[in-house]
There are 2 protein chains.
Amino acid sequence: MTTIYDLAKKTGISKSTISRVVSGNGYVSETKRKIILDAMHEMNYIPNQVAKNLRKKRTNTIGFLTKEYFPLVGEFLNSFTKIAAKHGYSVNVYFTQTADKELKTLRLLTTHALDAVFILTRINSWDTISSYAKFGPISTWHRVNRPNIYSNFIDHYPIYYHVIDHLYKNGHKNIGHVLSSLRNANTRARIRAIDDFNTSHPDSNQDFRLFYHTQTGTGEDAAKKWLATKNRPSSVMFYADFVAAEFISTLRKNGKKVPDDCLVVGSDNSEIAHMMNMPTIDLCFRNQAHNAFIYLYNELNPDRLPYENQNPHWVDAY
Amino acid sequence: MTTIYDLAKKTGISKSTISRVVSGNGYVSETKRKIILDAMHEMNYIPNQVAKNLRKKRTNTIGFLTKEYFPLVGEFLNSFTKIAAKHGYSVNVYFTQTADKELKTLRLLTTHALDAVFILTRINSWDTISSYAKFGPISTWHRVNRPNIYSNFIDHYPIYYHVIDHLYKNGHKNIGHVLSSLRNANTRARIRAIDDFNTSHPDSNQDFRLFYHTQTGTGEDAAKKWLATKNRPSSVMFYADFVAAEFISTLRKNGKKVPDDCLVVGSDNSEIAHMMNMPTIDLCFRNQAHNAFIYLYNELNPDRLPYENQNPHWVDAY
DNA sequence: TTGAAAGCGCTAACAC
DNA sequence: GTGTTAGCGCTTTCAA
């Protein structure tokens with residue numbers, strides 16, 4: 001492996017000058033630059049990233065943390081990684097699984113193994129997590145209110161209210177809700193929307209409410225609960241497309257027709273929503289991925305990259 | 001940030017001895033070990049991974065390369081990352097997109113930024129790719145026959161033949177095939193299976209054959225071709241669940257009934273197959289992920305981890 | 001069983 | 001413009 005030292009020996013030019021042309025910082029005369037460039041090609045020189053990292057205390061690597069895998073992880077990661085790569089960052093994926101392993105991953109910030117961290121799904125409390133922000137910027141798509149964690153969140157209240165209203169006007173008086181965990185601020189926002197709507201529309205029924213901490217097996221469980229319900233909602237709204245999809249698939253296995261027997265509404269506007277022909281709510285996760293990276297980049301670098309606008313909206317089945 | 005040097009200064013013990021207890025190599029007296037351990041806790045010492053990497057010329061990081069995103073990427077990555085994490089490796093994901101960027105990623109092997117590489121979807125020729133194997137082990141799930149690339153491939157011939165036969169016996173005389181690129185050895189194996197079956201069953205019709213290089217928009221395109229066909233196959237087999245799912249979804253949008261109008265068979269046994277209630281072929285991608293990692297690990301380390309057995313099989317819709 | 005010393009390959013003051 | 005020098009934090013001979 002050719003090093004900068006080999007290049008110096010070969011050309012008779014000092015390491016520092018060579019470093020200058022490789023990294024593009026500082027002045028180097030055209031004649032020397034040419035000699036060095038030629039030698040680089042001839043000797044097939046590739047700078048050692050690890051040595052550079054040690055010296056600069058930077059790895060240009062961002063950690064992407066998720067507790068577990070669910071289909072949206074892949075789509076989100078795809079968006080995040082692409083924007084990161086575009087700006088010279090690579091992405092390390094961690095399926096944290098346990099609180100302990102999540103902490104261990106966060107600690108990589110302290111050793112400069114990771115420059116920054118994005119959190120898709122967390123395990124530890126935001127207080128614990130935010131205590132690592134002094135070692136490197138942290139961002140998430142969750143709705144969290146901490147001074148040192150960037151949250152590119154979407155307020156679910158208005159769009160959720162809007163969708164309930166839309167369903168109501170289309171004749172759905174009994175609407176079910178499959179929601180995420182209550183520790184999630186946007187779950188609480190959704191509940192406020194439900195309650196507020198109910199108050200102004202007393203003839204509507206929004207009693208069917210389920211809460212889940214995870215996405216695995218959830219749609220199936222919700223479907224069983226729906227099937228076991230006497231006064232079944234004619235429409236059910238979900239906190240994730242994937243869960244909604246599993247719900248639909250379970251209903252169909254049980255001889256029900258979707259959307260005739262039950263109109264299912266997802267959230268995310270992911271691939272799977274189109275696949276299942278269900279209406280969904282676009283909550284702009286692609287922009288969120290983008291903006292979450294932009295924040296980290298802007299914290300890490302002197303220049304400023306612009307944020308993208310976000311516009312949550314209803315997406316018809318098509 | 002506490003360094004090994006700070007520890008040395010504080011305890012009055014040399015850096016080398018401290019290094020020995022941190023890394024667990026070499027003899028250290030119990031008394032000194034205790035002093036060091038205590039100091040480590042007290043000062044909250046976390047070894048700097050980057051410095052270690054530079055010194056050892058190892059990063060314990062494996063590159064996961066895929067040309068583009070499609071749903072199976074996520075599921076595969078999930079399996080791969082988990083087994084890797086279990087053995088102390090983290091995984092860097094690269095969506096390579098272009099031949100040039102793929103090469104650039106491969107070059108990370110030469111600088112010791114990546115210890116090894118797994119290739120899910122490639123762009124450059126295997127000859128080009130394999131020339132990097134001297135810098136670090138490379139594995140893939142593709143069927144490739146190069147001495148220095150580990151291929152944990154499944155021969156699609158027997159299972160594919162078996163499934164055609166199964167469909168035929170269930171009354172499907174006209175079977176369509178949506179296949180991957182012909183440069184793919186297993187695509188050719190599938191074609192051999194089709195042709196061999198046809199030779200021994202002249203009354204069967206297997207003329208509907210489509211070939212694709214990518215997974216995006218493919219299912220929709222195939223569906224349109226199916227709809228435009230006069231003598232439509234009563235069953236279509238696919239090279240990927242995701243493509244099959246898009247096919248189903250497009251047929252349904254066009255008023256067709258699945259499986260009544262067309263029995264769709266996927267390949268992969270991924271989440272989406274269950275979601276769409278379609279039969280599929282389990283080609284053991286989870287084991288392939290496992291074994292692909294095992295190979296890299298075994299090349300990189302003195303100890304030997306065992307491989308998992310693979311048993312491709314038909315999976316009913318359920 | 002321990003410590004001194006020599007780097008891994010690169011960057012960045014600083015001096016000239 | 002360019003070279004000298006001093007590290008980044010760690011591991012690993014080698015000698016004691």
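In what follows, chains are A, B, ... by sequence order, proteins preceding strands, each numbered from 1. The figures here come from the full heavy-atom set of this structure, side chains too, leaving out hydrogens, waters and symmetry mates.
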* 4.5 Å side-chain heavy-atom contact, A:Phe293 and A:His87 -> yes
Can you check whether [Y]'s main-chain N or O pairs, donor with acceptor, with [X]'s side chain at less than 3.5 Å?
X        : Y        : value
B:Asn152 : B:Ala292 : no
B:Ser151 : B:Trp141 : no
B:Asn124 : B:Ala99  : yes

Check the distance between [N]'s [atom2] and [X]'s [atom1] and give it to me in whole angstrom.
X       : N      : atom1 : atom2 : value
B:Ile18 : C:dG3  : CD1   : P     : 9 Å
B:Ile36 : C:dT2  : CD1   : C1'   : 10 Å
B:Lys52 : C:dG7  : NZ    : P     : 23 Å
B:Tyr5  : C:dA5  : OH    : P     : 13 Å
A:Asn60 : C:dC10 : CG    : C1'   : 15 Å
B:Ile4  : C:dG3  : CD1   : P     : 12 Å
A:Lys56 : D:dG7  : NZ    : C1'   : 16 Å
B:Lys15 : C:dG3  : NZ    : P     : 13 Å

Name the nucleic acid region contacted by [X], choosing base, sugar-phosphate or nothing; use a 4.0 angstrom heavy-atom cut-off, strictly under.
X       : value
A:Ser16 : base
B:Val50 : nothing
B:Lys32 : sugar-phosphate
A:Lys57 : sugar-phosphate
B:Ser19 : base

* To do: Determine: side-chain N/O of A:Tyr45 to OP1/OP2 of C:dC10, distance under 4.0 Å, yes or no.
  => yes
* Asked: According to a strict under-4.0 Å criterion, is B:Ser14 in side-chain N/O contact with OP1 or OP2 of C:dG3?
  -> yes
* With respect to the side chain of B:Arg55, which nucleotide from C:dA12, C:dG7, C:dC10 is positioned closest? -> C:dG7
* To do: Between D:dG9, C:dT2, D:dT2, spot the one nearest the side chain of B:Ala51, thanks.
  => D:dG9
* **Stepwise side chain to side chain donor-acceptor pair (under 3.5 Å) test for A:Asn78 and A:Lys82** => CA-CA 6 Å; A:Asn78 182 27; A:Lys82 275 185 190 149; 3.0 Å; yes
* Within the modelled atom types, does a donor on one side and an acceptor on the other bring the side chain of A:Arg20 and the base of D:dG3 under 3.5 Å apart? -> yes
* Structure fact -> Note: for B:His112 and B:Tyr27 on DNA chain C, the residue whose nearest nucleotide lies more 5' is B:Tyr27
